[in-house]
Every structure is written in structure tokens, then in C-alpha cells.
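The structure appears below as C-alpha cells.
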Amino acid sequence: MFENTQVKRAAGRFGRTGRHVLAGMACLALVAGCTGITPKELQSLGSELHQQKVDFAGLEKEARRARTAYAKEGEIRAAYPDTVRVATPGSKDVQYFIERDDAGRTQYLVVRGTADNKNLSEDVAVRVREDRKTGLPVHAGFEADAQAIYADAKPHLKRGYETRFVGHSLGGAVAAILAVYAKEDGYDVESVVTFGQPRFTTASGAAKLAGLPLTRVVDENDVIPMLPPGLFHNGPYGPYEQVGPEIILLEGPRYVYLPSHDATRLSAGELWRELGVADLPDHKMQNYLKRLEAKRSGAIEVAYNERERYVAKPKTAARAAVR
């Protein structure tokens, strides 16, 4: 378990906003020792190279959309002239936009991520409820955001179009839930790409979403994808669990690719890393873009067990803006 001095050090590094994160990290610290992955399993799972082709140029384009979702409506429409809707529905402070290419019969729904302390507190909350639309166990706060956005967005979505969902942070979790809604309603869900996405469902929900075309991109030092704590049990629904394969961005051209099953086992079974390494600036979209831009001229896959060789300690002096 983490020492109190580590928690205090992390609190000083995260500042006021990080208190919400530390609430989740405290839960993680309490339960992380309950279940472990054996050294033999870690060596086996963590030493593999999967040779999966990753379109980093495409991921960079999606990351730019995710960053633009933080902008004002005029900036969004200037960056993406095919935008047909920008809204922050109801009382939810979660902005989204729909970009539609009628000639290519494609459409994007892009959701803004964590914008303030209120949003960030949703990332670390742990309450689960059965989704009213799908029956899946989902994070209650994310479901409420998704319900509000879907009701507002549905009149602007076209059937028969390839539909792609993108989101960062809280917006990634909401985008994934929206993709589930759209798939249930018969839309052609082509892809879901998220950056720094927290968990939104539990083990029983993840098992039912194996066919969701979700790709999760995470920075090695980003704390948010580990929240809510994966070993926090939600009654009959089981522990929180991520869905889909994981692409871990390291420094320079290097990255780790984990298929869905391996990502689940490794994140649930390992203690992860010291709190002193994680830092909130690594969660910002600008950081994700920098990591992706470094892979333009060629990316190199490394094994999960080798990843720490290509990770720098965060520099807390330079605090990035939210986007």
C-alpha cells in the first residue's frame, strides 16, 4: 500500500483540483492489494508484442477533434465547417458537437471532457446503476450526461451514415455510452476513440460490450483511466472494468498495445505505479497531441514490461491549460 508521505506529496503536486482525484486514489490504494497478478502471468502477458497496426495519423486527427470540443462554438465551426450542431444540453456542463459529411455519408459526435472540478468529481465517483436504455451497469454520473446529450443529438444524426464517436476524459466515457445507445438504435457505429477515458462500466457490462469498436488511448502517466478504482465492487455487477484495447503512449515514437483482455488483467492485477509519478498535466489533450505528433514519422511498439524505460517523470512546474 502507499505510504502516507506519498499521498501527501501527491496532494501537494495535484493542488486543489487533485483532491477529487485523491479520493479515488485512496480507494485504489485500499483495494489494490486484494487481488494480484502472479509474476509468471505478468511476465507472460507483459512481454508480448502484438504487431497490431495502429493508425497514428488517424488518432492524431481524432485528438484534434477532442481538443476542439473545448472551444467556443464559433471556433468549432471554423475548424470543422461541416459542423451541424454544437450544444451543452440541459443542466449538464458537457459540450458536444456533430460534424457531418453528407457526400461521404459519415458523421462525428465529439464530446468535451473534464472542464472543471465538478466534472472531475464525476470521474472518481463510484456509484453504478442499471442504464435505463440498455440495461447495462454504468457509472451513474456518466449515464446522466449521456442521456442528456443523446436526447439532444438524436434529431441531428443521420441513419445510414458511418458514425464515429470521439471524446477526452469524462467526454470519452460519455462518447462510449453514446455509441452503445446509437448501436442499439440501429446506427452504423464505425468507431469510438477516446483519450484518457475513465471507466464507465463494470465486469458484467464489459462482457456484453466486446463488439463495441472502442479504442482507448492513454498516456502512461495519466491517472484518470485508472478511475473509478478497478477493484471497487458494485454488488452483483462486479468491479469496474475498461472496455476495448488500449494504446499506451510513451515518449517519442514508442507505444504499448494491449488487447482488451490483457489490458484488463494487467490494470486489475498490478499495483500500477507510485502516486509520485502520476500528474494531472499528463491528462490534458495538449499532452496527448504532443505524444501522437512524435509518432508521425514512425512508431515503435514496445512490450508492456519495458514501458518504464520510455517514460519521463512529470514536470510539475509547467502546468498545461485544460486543452
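Computed from a predicted model, the values in this text were never measured in an experiment.
One finds the OH atom of Y108 at 9.5 Å from the CG atom of D101 (value rounded to the nearest 0.5 Å). Separating the CD1 atom in I177 from the OG1 atom in T201 is a distance of 8.0 Å, to the nearest 0.5 Å. Atoms CG and CG, from L157 and L178 in turn, are 9.0 Å apart once rounded to the nearest 0.5 Å. Taken to the nearest 0.5 Å, the CZ atom of R112 stands 8.5 Å off from the CD1 atom of I76. Considering CD of E246 and CD of Q197, their distance stands at 10.0 Å, rounded to 0.5 Å. From L209, atom CG reaches atom CD of Q242 across 11.5 Å, with rounding to the nearest 0.5 Å.
E62 places a side-chain heavy atom less than 4.5 Å from the side chain of F195. By the 4.5 Å heavy-atom criterion applied to side chains, T83 and I98 are not counted as neighbours. Side chains of L59 and V217 form a contact here, defined as non-hydrogen atoms less than 4.5 Å apart. In this structure, V111 and V166 have side chains that are not in contact, with every pair of non-hydrogen atoms separated by 4.5 Å or more. Looking at heavy atoms from C-beta onward, Y304 lies in side-chain contact with I248 at the 4.5 angstrom threshold. The shortest side-chain heavy-atom distance between V256 and I247 does not fall under the 4.5 Å cut-off. With a 4.5 Å cut-off on side-chain heavy atoms, L289 and R64 count as touching. Between V189 and F165, some side-chain heavy-atom pair lies under the 4.5 Å cut-off.
Between the side chains of R164 and Q107, not a single donor N or O lies within less than 3.5 Å of an accepting N or O. With 3.5 Å as the limit, one finds a donor-acceptor pair spanning the side chains of Y288 and D222. A donor atom on one side chain and an acceptor atom on the other are found under 3.5 Å apart for D185 and Y150. There is a side-chain donor-acceptor pair under 3.5 Å between Q147 and Y181. Side-chain atoms of T194 and H168 form no donor-acceptor pair, as typed in the model, at a separation below 3.5 Å.
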Is there a side-chain contact (heavy atoms from CB on, under 4.5 Å) between D219 and R291 once you walk through the steps? CA-CA 8 Å; D219 182 275; R291 295 284 199 206; 2.7 Å; yes
Using the side-chain contact (heavy atoms from CB on, under 4.5 Å) rule, take V180 and L212 through it: C-alpha gap first, then chi angles, then the decisive distance, then the call. CA-CA 7 Å; V180 176; L212 188 69; 4.1 Å; yes
Trace of the side chain to side chain donor-acceptor pair (under 3.5 Å) decision for Q95 with E73: CA-CA 10 Å; Q95 180 172 271; E73 179 172 351; over 6 Å; no
T68 and R65: side-chain contact (heavy atoms from CB on, under 4.5 Å), yes or no, with the steps? CA-CA 5 Å; T68 302; R65 285 186 171 90; 5.6 Å; no
So Q52 and E301, side-chain contact (heavy atoms from CB on, under 4.5 Å) or not? Walk me through it. CA-CA 9 Å; Q52 178 72 30; E301 182 185 2; 5.9 Å; no
R307 vs E220, test: salt bridge (charged side-chain N to carboxylate O under 4.0 Å, His left out). Steps then yes/no. CA-CA 8 Å; R307 71 198 188 286; E220 171 67 5; 2.9 Å; yes
Between D282 and K284, does a salt bridge (charged side-chain N to carboxylate O under 4.0 Å, His left out) hold up when you go through it step by step? CA-CA 6 Å; D282 292 297; K284 312 304 183 184; over 6 Å; no
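Closest of all the heavy-atom pairs between A173 and P198 is CB-O, 4.0 Å. Of all heavy-atom pairs spanning A151 and P155, the tightest one is O-CD, 3.6 Å. Across every non-hydrogen atom of G113 and S169, the tightest pair is CA-CB, 4.1 Å. Considering every non-hydrogen atom in both P225 and V218, the closest pair reads CG-CG1, 3.7 Å. Closest approach of A303 and G46 over heavy atoms only: CB-O, 3.4 Å. Across every non-hydrogen atom of A175 and G167, the tightest pair is CB-N, 4.2 Å.
A single hydrophobic cluster is not seen to contain both Y161 and V110; linkage of ILVMFWY side chains at heavy-atom distances under 4.5 Å, directly or through other members, places them apart.
Using a cut-off of 4.0 Å between Lys/Arg side-chain N and Asp/Glu carboxylate O, D188 and R159 are scored as not salt-bridged. Taking a cutoff of 4.0 Å between a charged side-chain nitrogen and a carboxylate oxygen, R85 and E99 do not qualify as a salt bridge. Ion pairing between K72 and E75 fails under the 4.0 Å rule for side-chain N and carboxylate O. Under a 4.0 Å N-O distance rule, the pair E162/R105 does not qualify as a salt bridge.
Counting only distance, with no hydrogens or angles, the side chain of K183 and the backbone of G211 share a donor-acceptor pair below 3.5 Å. The backbone N or O of V243 lies less than 3.5 Å from a partner atom in the side chain of R216, making a donor-acceptor pair.
Judged by the 6.0 Å distance and 45° axis criteria, R296 is not positioned over the aromatic ring of F56.
Other residues, nucleotides and ligands contribute more than 12 heavy atoms inside 6.0 Å of the NZ atom of K154.
A distance of 6.0 Å or more separates the ring centres of F200 and F142.
Using cut-offs of 30° and 60° on the angle between ring planes, the pair Y80 and F97 is parallel.
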